[in-house]
Amino acid sequence: MKTLPYILLPLLAACAPARQTPVAEGWANNSVNATVFRKNSLVSLGDAQYIAYYDPAGILTLGKRRLGNPAWTLRQTPYRGRVADAHNAISIMVDGQGYLHVAWDHHGNPLRYARGVAPGSLELGEKRPMTGENEGNVTYPEFFRLPDGNLIFMYRDGASGNGNLVMNRLDAATGQWTRLHSNLIDGQGQRNAYWQACVDANGAIHLSWVWRETWDVATNHDLCYARSRDGGLSWENSRGEPYRLPIRAGDAEYAWRVPQGSELINQTSMCADDDGRPYIATYWRDQESAVPQFRVVWLDNGQWRANNLGLRSTPFSLKGGGTKRLPVSRPQVVAGRSLLVIFRDEERGDGIYIARCDAPRSNAWKVTRLLSSPVGSWEPTYDTELWRARGILHLFVQRVEQVDGEGQANLPPTMVSVLEVK
């Protein structure tokens, strides 16, 4: 282990109070460290905060610090990732007993999962199964912590255009995983769901997704919704009507209809406010426009509404397979006293920006620059547990470059850091 000295990195003309603290250099030749579907890149329990990233050699590296202390303790694990594929991101979570859980290096591969050897430890044990079922073709692993300290683990079993959503639950007291659903959302062999999820303050799990018909991202369409109030066991729509499981295209609640070919992006973000109202952030273009716009789809007294933030003026096309090189990040949404959308956009110099709306019905957004230094193909991830517990926003930041379709950039290692937004 080593502890890094405190260095305050410059915030060039930042227009919002924020502090950027360094961790160490990481792999930057693609976006594997900085994809939006990492749940989580950064996570807290009590006063301890953890971070995970691939170092310049592709070694899975973990870090820990006391909140408020800029010095990180780092540990290289025995594990590596196939960092040439940006899908193979690392996801981490800490359970209620203080054990760190890590899943990494998945794009249609057997499960790669390990747990800390003791509460608070950065040392991982050997790779292990969870349930031993449907663990041979894993993609997009994500952890979520419930208020009781137990964990939910979601992943795709299958392939793009033909896959199912698997869900496990951990009993933190016993350390045992059980299978909740081997096929929560069923593509019926014709499509698959690309989802985003969150846990609200009362422990309800909110889940939304787009359908994709083939490997081609241009076949993304529609935005669906489901909710669980019992830790992921049973599911209902926004009206409280139970779903018959698995959820299929003909039975799903459609929060917003978006046709294929609309530049609708998949795997974005969602959150819920203190009253349990869900908000989904994404982007697509209207049929009469060539410009994709950031959107927030939200539930307002039983009615779904969609806000067009109207912040962009440059068209682009979303087609093909693999990890795309896109001029904008997928947006991250956070709900507190205001609704916040965090994003990057080439139109604004590839810095980090936050759009704030004090009343969603007004659709009046004020944009503030958090970091003017360009971050390349970075997408926003944040410490969800710190936000939920304390209303404090910490972002994982690294400048990375993504070449379209799993290509490799020629970028030397760059600094991994945490941006603490005031």
Side-chain angles (χ1 to χ4, degrees), residues 35-40 140 142 144 152 154 165 184-185 192-202 204-212 217 220-229 235-239 243 247 249 252-259 262-286 292-312 318 328-336 338-343 354-357 359-363 365 379-382 384 387-388:
T35 58
V36 80
F37 50 80
R38 296 188 62 186
K39 293 288 186 304
N40 283 51
Y140 306 124
E142 298 183 350
F144 301 88
I152 294 293
M154 300 181 186
L165 175 56
L184 177 59
I185 303 178
N192 78 276
Y194 281 92
W195 75 91
Q196 50 271 328
C198 70
V199 178
D200 71 22
N202 297 313
I205 305 170
H206 302 265
L207 181 66
S208 61
W209 67 95
V210 303
W211 292 112
R212 183 185 294 185
V217 65
N220 284 350
H221 64 93
D222 298 319
L223 193 57
C224 302
Y225 174 79
R227 174 179 62 204
S228 174
R229 299 180 185 270
W235 291 82
E236 62 186 23
N237 62 25
S238 66
R239 299 178 296 277
Y243 276 116
I247 304 170
E253 176 181 8
Y254 285 78
W256 210 259
R257 293 283 189 172
V258 183
S262 298
E263 277 62 68
L264 173 65
I265 190 59
N266 51 272
Q267 293 167 288
T268 55
S269 67
M270 70 178 303
C271 68
D273 63 21
D274 290 341
D275 295 318
R277 288 186 294 258
Y279 300 83
I280 307 160
T282 185
Y283 63 73
W284 73 81
R285 66 171 178 84
D286 294 326
Q293 296 286 357
F294 295 120
R295 319 278 178 144
V296 174
V297 177
W298 55 290
L299 190 63
D300 179 26
N301 292 324
Q303 179 180 352
W304 288 102
R305 302 182 185 274
N307 287 356
N308 180 349
L309 276 63
L311 302 178
R312 308 196 63 259
L318 194 60
V328 298
S329 71
R330 286 170 277 200
Q332 187 72 247
V333 63
V334 179
S338 302
L339 195 62
L340 308 175
V341 174
I342 304 141
F343 66 94
I354 190 165
R356 171 180 171 175
C357 181
R361 282 191 178 186
S362 73
N363 198 30
W365 296 86
E379 293 184 317
T381 58
Y382 70 106
T384 57
W387 176 264
R388 188 167 57 172

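What you see below is based on every heavy atom in this structure, not just the backbone, and it leaves out hydrogens, waters and symmetry mates.
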Between Ala197 and Met154 the two heavy atoms that sit nearest each other are CB-CE, 4.0 Å

Hits for ring-ring contact (aromatic ring centres under 6.0 Å, His included) against Tyr283, two or more places apart or cross-chain, chain-then-number order -> Phe316

Taking ring-ring contact (aromatic ring centres under 6.0 Å, His included) as the definition, give me every residue that meets it alongside Tyr243, ordered by chain and number, with sequence neighbours left out. none

Who passes side chain to side chain donor-acceptor pair (under 3.5 Å) against Trp387, sequence neighbours left out? none

Shortest non-hydrogen separation from Ser362 to Cys357 and the atoms involved: OG-SG, 3.9 Å

Rounded distance (nearest 0.5 Å) linking atom CD of Gln196 with atom CG of Asn266: 8.5 Å

All ring-ring contact (aromatic ring centres under 6.0 Å, His included) counterparts of Tyr225, not counting sequence neighbours: Trp304

If every non-hydrogen atom of Asn308 is compared with every non-hydrogen atom of Gly310, which pair is closest and at what distance? OD1-N, 2.8 Å

Below 4.5 Å, heavy atoms only, C-beta onward: do Cys198 and Thr384 meet side chain to side chain? no

Starting at CD of Glu379, measure out to CZ of Phe343 and round the result to the nearest 0.5 Å. 13.5 Å

For the atom pair CD1 (Ile205) and CZ (Arg229), what is the distance rounded to the nearest 0.5 Å? 12.0 Å

Under the rule for salt bridge (Lys or Arg N to Asp or Glu O under 4.0 Å), what residues qualify as partners of Arg285, not counting sequence neighbours? Glu263

side-chain contact (heavy atoms from CB on, under 4.5 Å) filter on Ala252, not counting sequence neighbours, yields Trp209, Cys224, Ile247, Tyr254

Closest heavy-atom contact between Ser329 and Pro380? OG-CD, 3.7 Å

Among all residues two or more places apart in sequence or in another chain, which pass the side-chain contact (heavy atoms from CB on, under 4.5 Å) test with Asn202? Asp200

Would Tyr194 and Phe37 count as a side chain to side chain contact (heavy atoms under 4.5 Å, CB included) if you check the C-alpha gap in whole Å, the side-chain angles of each, and the deciding distance to 0.1 Å? CA-CA 10 Å; Tyr194 281 92; Phe37 50 80; over 6 Å; no

Check the pair Ile342, Tyr382 against side chain to side chain contact (heavy atoms under 4.5 Å, CB included), reporting the backbone distance first and the verdict last. CA-CA 10 Å; Ile342 304 141; Tyr382 70 106; 5.6 Å; no

Verify side chain to side chain contact (heavy atoms under 4.5 Å, CB included) between Leu207 and Leu165, making sure each step is shown before the conclusion. CA-CA 11 Å; Leu207 181 66; Leu165 175 56; 3.9 Å; yes

Could you state the interatomic distance from CZ (Arg305) to CH2 (Trp298), rounded to the nearest 0.5 Å? 5.5 Å

Checking the side chain of Gln293 only, and the main-chain atoms of Leu309 only, is there a donor and an acceptor separated by less than 3.5 Å? no

Partners of Arg227 by side chain to side chain donor-acceptor pair (under 3.5 Å), sequence neighbours excluded? Glu236

Inter-residue atom distance Asp222.CG - Arg257.CZ, 0.5 Å rounding: 5.0 Å

Take Arg356 and Ser338 through the side chain to side chain donor-acceptor pair (under 3.5 Å) test and state the conclusion after the steps. CA-CA 6 Å; Arg356 171 180 171 175; Ser338 302; 3.1 Å; yes

With sequence neighbours excluded, residues passing salt bridge (Lys or Arg N to Asp or Glu O under 4.0 Å) with Arg239: Glu241, Glu253

Can you list everything that forms a salt bridge (Lys or Arg N to Asp or Glu O under 4.0 Å) with Asp273? Sequence neighbours excluded, please. Arg277

Please round to the nearest 0.5 Å and tell me the distance separating atom CH2 of Trp365 and atom CG of Leu340. 8.0 Å

Side chain to side chain donor-acceptor pair (under 3.5 Å) between Arg212 and Asn192, worked out: CA-CA 6 Å; Arg212 183 185 294 185; Asn192 78 276; 5.7 Å; no

Do any N or O atoms from the side chain of Asp274 and from the backbone of Ala201 form a donor-acceptor pair under 3.5 angstrom? no

At their closest point, which heavy atom of Val199 faces which heavy atom of Arg388, and how far apart are they? CG1-NH1, 3.0 Å

Would you call Arg312 and Pro292 a side-chain contact if the rule is heavy atoms closer than 4.5 Å? yes

Test of understanding: with side-chain contact (heavy atoms from CB on, under 4.5 Å), list the residues that count as partners of Ser269, not counting sequence neighbours. Ala281, Gln332, Val333

Considering all heavy atoms, the nearest His206-Gly276 contact: CE1-O, 3.3 Å

Suppose we screen for side-chain contact (heavy atoms from CB on, under 4.5 Å). Which residues come up paired with Thr282, at least two apart in sequence or across chains? Leu264, Ile265, Thr268, Trp284, Arg295

